[in-house]
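These notes are about the structure you will find just below.
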Amino acid sequence: MRANLRFYQVMASVVGVLLVVLVLVGVPLANFDGTPMWGVFPSTPAWITVGSRPHEIGEFITSVLGVAHGWLYMIFLVAAFLLSRKARWPMGFTLVTLLCGTVPLLSFWAERRATARTVATTDA
């Protein structure tokens, strides 16, 4: 059980950090150039000039780290699910934990909550 918990903690932390960097740094740098975004928003704040160094960094973060985050999130889901079965979490607790992994910063709260529950209810 201890190995499952440690694997879950590492994956939750890595995925959480990547999500924060992606959403709070990469997306604004790549997209806040005053143009429409994703066909959803008619205009974005004009904070970054297209082709500038910050824009290139944002493009790198959203493309490279975004893909890495996507793959690592799938591994996180497997780690969380395996831990949930071993620790016998209720289905509702499991679903909330998995969904919180999609929200920047909330994922860290969910990891602490899941760790505390696992340690309290098992001999992790």
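Since we're looking at a predicted model, the values are computed, not measured.
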To check you understand the geometry: which heavy-atom pair defines the closest contact between V20 and P104, and what is its length? CG2-CB, 4.3 Å

Would you tell me whether T121 and W89 have side-chain atoms, one donor and one acceptor, within less than 3.5 Å of each other? no

Are Y73 and L106 grouped together when hydrophobic residues (ILVMFWY) are joined by side-chain heavy atoms under 4.5 angstrom apart? no

Quiz question: by atom type and distance under 3.5 Å, do the side chains of E56 and S52 form a donor-acceptor pair? no

At their closest point, which heavy atom of L72 faces which heavy atom of L18, and how far apart are they? CD1-CD1, 3.6 Å

I need the L5 CG to E111 CD distance, nearest 0.5 Å. 8.0 Å

F32-V50 co-clustered via ILVMFWY side chain contacts under 4.5 Å: no

Is there a path of hydrophobic side-chain contacts, each under 4.5 Å between heavy atoms, that joins F7 and L82? no

Cut-off 3.5 Å, side chains only: do Q9 and T115 have a donor facing an acceptor? yes

For Y8 and T97, which heavy atoms make the closest approach, and how far apart are they? OH-CG2, 3.4 Å

Are S84 and R117 close enough that some pair of their side-chain heavy atoms sits under 4.5 Å apart? no

Cluster question for you: counting only ILVMFWY and a side-chain heavy-atom cut-off of under 4.5 Å, with indirect links fine, are F93 and V119 together? yes

Enter the distance from T44:OG1 to D33:CG here, rounded to the nearest 0.5 Å. 5.0 Å

If we ignore hydrogens and angles and just use 3.5 Å, is the side chain of H55 paired with the main-chain N or O of A30 as donor and acceptor? yes

Which heavy atom in L29 sits nearest to a heavy atom in P54, and how many Å separate them? CB-O, 3.5 Å

Is atom CZ of R113 surrounded by more than 12 heavy atoms (other residues, nucleotides or ligands) closer than 6.0 Å? yes

Would you compute the distance between atom SG of C100 and atom CZ of F108 and round it to the nearest 0.5 angstrom? 12.5 Å

Looking only at heavy atoms, the pair that brings A79 and M11 closest together is CB-CG, 4.4 Å

Within-4.5 Å side-chain heavy-atom neighbours: K86 and T118: no

Ring-face cation contact, F81 with R85, 6.0 Å cut, 45° max: yes

Minimal heavy-atom distance between S107 and G101, with the atoms involved, is CB-CA, 3.9 Å

Honestly curious: do V103 and L19 fall in one hydrophobic cluster under the side-chain, below-4.5 Å linking rule? no

Only one of V67, I57, V27 passes side chain to side chain contact (heavy atoms under 4.5 Å, CB included) with T62, and that residue is V27

